[in-house]
Each structure stands twice: as C-alpha cells, then as structure tokens.
Asker: 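Before anything else, here's the structure in question.
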Amino acid sequence: MSATHKASPGASESPAAKPTPTAKPTPPKPEPSALPVGQANAGALPQTSALPETTSTGFSNAIHDIWLAVTTGNPDYAKPAFFPERAYEQIKAIADPESDWENRLWYDFTLDLADVHKLVGRNATLTQVITPTQYEQWIPVGACYNSTGYWHLPGTRIVYQEDGVTHSFGIASFISWRGDWYPIHLGALVRSGAYGIVDDPETGPGVPGPPGGC
C-alpha cells in the first residue's frame, strides 16, 4: 500500500507572504477662511439709517474674521470684515478718501493686528465678546468730516483664554454700513506715528467702552 501526503515546504519554498497594509494618507486640514459680513457689493450701495444688531450673523462673522486674523497674524482674513473702501469713499468729505482708507485706516489696522497677534498667539481660545450697546451713537452728517451719517460702537471687548488664564483686549471702533457693523479702528482712533497699538489689554474681561468717538 502506498499513501499520499502533502509535501512540506522545502528549503527553497516559503509560504506566501501577507501583503503589507498601505497606510492611508492623513487628509490635510482644511484651510481656514473668512466669512462675509454684508453683501459683496455693499460698499457701492447707499447708506441706510438701520441700527445693526450685535446678535446678527454679520456681526458674528466679523468677529470670526478678526479672531482668525489675530490668531494667524494674517490681516487679509479680516479684510471682508473691515469697513468697505467704497463705503468710506461715500462717507468721508475729504480729498482722496481712497488713499486715506488704504494708507491710514487699513495700514494702521495691520500694524495693530501684528501687535495683538504677538500678545494673543495661535493657541488662544475665544470665549466671549462684550459689546457696550449702551454707547451706540448716531454720528450725523457734518461730524468728523462726514458727508453721510452712521452708527458708532466704541470699546468692544474680545475675551479669550490661554493656558487657563482669561485675557482680553478692545476693538476701538465699529461703525455701521447698511445695517451691519464693521471694525474701522482696532487699537486706537488716532496715533502720532506708524506703530501698532493694542487697545487696553487686560487680564480678565476688562471694561468695555468708554463712550464717545466717531
């Protein structure tokens, strides 16, 4: 009699190797993006007397854009929230408002933002926005070299936590355009040179305001 056996693998043979699993690539984190405050062409449209709400989506988006610019150090993220150049051309009864917007308002904002970024850092967490709506004021035609009126909101506080400690800084001035709030001064309304200013940095939430300004 004979029996048939399965052959054992010899020295020249080896079991089939299991394929090595291929690691799935980690998807890149989505790039952060700014959010719109008003409609895209709002600056080209005429002003209204509507008082903006600080509970609106537009205001929430403005804070989102400012905070994103602060934590990244990139002022371009705040540009959709910043007071529109075309609207400024309508408001200001001065020579060359376009140049004033570019070379003073926006330039000062970028200087202030750079200083706030150094203070806050990328890992801070926004916890609260305090808006002193009791200080809202209508700025009429003729005040502050204006040819069109608008609402003004001074001294909003941005409250954040970093390493378990609460800190805050101010946004010097929001003004209205067609029922939305837009920041126009971050650190200060006026200054004596080309340098950045952080508006009242504090440990804790700080005090919103003061009233006044335009």
Side-chain angles (χ1 to χ4, degrees), residues 31-70 72 74-113 126 129-158 170-190 199 208-209 211-214:
E31 287 293 321
S33 60
L35 300 174
V37 173
Q39 62 189 90
N41 65 336
L45 300 175
Q47 174 68 301
T48 71
S49 60
L51 174 62
E53 297 287 340
T54 57
T55 55
S56 69
T57 299
F59 187 77
S60 177
N61 288 356
I63 296 299
H64 167 275
D65 293 351
I66 295 166
W67 184 248
L68 182 56
V70 164
T72 61
N74 184 350
D76 286 344
Y77 284 125
K79 221 161 195 179
F82 195 70
F83 193 76
E85 181 181 340
R86 296 288 301 279
Y88 190 72
E89 292 171 9
Q90 295 189 57
I91 275 183
K92 281 298 175 182
I94 60 174
D96 202 358
E98 179 181 355
S99 176
D100 189 56
W101 186 95
E102 182 71 34
N103 298 312
R104 183 178 68 88
L105 290 180
W106 177 247
Y107 180 60
D108 287 352
F109 184 89
T110 64
L111 296 178
D112 295 345
L113 185 80
L126 178 65
V129 180
I130 306 173
T131 54
T133 54
Q134 69 272 24
Y135 299 147
E136 293 168 340
Q137 182 181 11
W138 177 257
I139 307 300
V141 173
C144 302
Y145 306 100
N146 296 328
S147 58
T148 301
Y150 55 83
W151 288 97
H152 176 247
L153 175 64
T156 291
R157 301 293 299 175
I158 302 298
I171 298 177
S173 182
F174 280 89
I175 67 174
S176 74
W177 189 255
R178 297 182 58 80
D180 284 304
W181 286 121
Y182 294 87
I184 194 165
H185 300 290
L186 180 56
L189 274 66
V190 295
D199 182 20
C214 62

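What you see below is based on every heavy atom in this structure, not just the backbone, and it leaves out hydrogens, waters and symmetry mates.
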Asker: For Phe82, which of Trp177, Tyr182, Tyr77, Trp106 qualifies under ring pair (Phe, Tyr, Trp, His ring centres under 6.0 Å)?
Answerer: Trp106
Asker: To the nearest 0.5 Å, how far apart are CG in Asn146 and CD1 in Ile94?
Answerer: 9.5 Å
Asker: Quick one: list whatever passes salt bridge (Lys or Arg N to Asp or Glu O under 4.0 Å) with Asp199, sequence neighbours left out.
Answerer: none
Asker: What pairs of donor and acceptor atoms, side-chain ones from residues 53-60 against any protein atom, are under 3.5 angstrom apart with sequence neighbours left out?
Answerer:
{"residue": "Ser56", "atom": "OG", "partner": "Glu53", "partner atom": "O", "Å": "3.0"}
{"residue": "Ser56", "atom": "OG", "partner": "Phe59", "partner atom": "N", "Å": "3.1"}

Asker: If you look only at pairs with a residue in residues 132-143, which of them pass as a side chain to side chain donor-acceptor pair (under 3.5 Å), with sequence neighbours excluded?
Answerer: none
Asker: List the atom of Leu189, the atom of Gly213, and the distance in Å for their closest heavy-atom pair.
Answerer: CD2-CA, 4.0 Å
Asker: Report the distance from atom CG of Asn61 to atom CG of Leu68, rounding to the nearest 0.5 Å.
Answerer: 11.5 Å
Asker: What I'd like to find out is whether the side chain of Tyr150 reaches to under 4.5 Å of the side chain of Ile139, using heavy atoms alone.
Answerer: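 Answer yes - side chains close enough.
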Asker: Donor-acceptor pairs are to be reported for all side-chain atoms of residues 41-48 against protein atoms at under 3.5 Å, with residues two or more places apart or in another chain.
Answerer:
{"residue": "Asn41", "atom": "OD1", "partner": "Gln39", "partner atom": "NE2", "Å": "2.9"}
{"residue": "Gln47", "atom": "OE1", "partner": "Arg178", "partner atom": "N", "Å": "2.8"}
{"residue": "Gln47", "atom": "NE2", "partner": "Gly149", "partner atom": "O", "Å": "3.1"}
{"residue": "Gln47", "atom": "NE2", "partner": "Ser176", "partner atom": "O", "Å": "3.2"}
{"residue": "Thr48", "atom": "OG1", "partner": "Ala50", "partner atom": "N", "Å": "3.4"}

Asker: Can you tell me how far OG1 of Thr110 sits from CG of Leu105, rounded to the nearest 0.5 angstrom?
Answerer: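 That separation rounds to 11.0 Å.
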Asker: Before giving the answer on side-chain contact (heavy atoms from CB on, under 4.5 Å), spell out for Ile63 and Ile158 the whole-Å C-alpha distance, their side-chain angles and the decisive distance to 0.1 Å.
Answerer: CA-CA 9 Å; Ile63 296 299; Ile158 302 298; 4.0 Å; yes
Asker: What is the minimum heavy-atom distance between Ala81 and Val37, and which atoms define it?
Answerer: CA-CG2, 3.6 Å
Asker: Which pairs pass salt bridge (Lys or Arg N to Asp or Glu O under 4.0 Å) with one or both residues in residues 90-102, sequence neighbours excluded?
Answerer: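 Every pair satisfying salt bridge (Lys or Arg N to Asp or Glu O under 4.0 Å) with a residue in residues 90-102: Asp100-Arg104.
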Asker: Which residues satisfy the salt bridge (Lys or Arg N to Asp or Glu O under 4.0 Å) test with Arg157, sequence neighbours excluded?
Answerer: Asp200
Asker: Could you pull out the closest heavy-atom pair between Lys79 and Trp101, with the gap in Å?
Answerer: CE-CH2, 4.1 Å
Asker: Could you check if a side-chain atom of Leu153 sits within less than 4.5 angstrom of a side-chain atom of Pro132, using non-hydrogen atoms only?
Answerer: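 They are in side-chain contact.
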Asker: Rounded to the nearest 0.5 Å, how far apart are CD1 of Ile175 and NE2 of His185?
Answerer: 7.0 Å
Asker: Hey, what do you get for OH (Tyr88) to OG1 (Thr148), rounding to the nearest 0.5 Å?
Answerer: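 Going from OH on Tyr88 over to OG1 on Thr148, the span is 12.5 Å.
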Asker: Less than 4.5 Å apart, any side-chain heavy atom of Thr131 and any of Trp181?
Answerer: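 With C-beta onward as the side chain, the pair stays apart.
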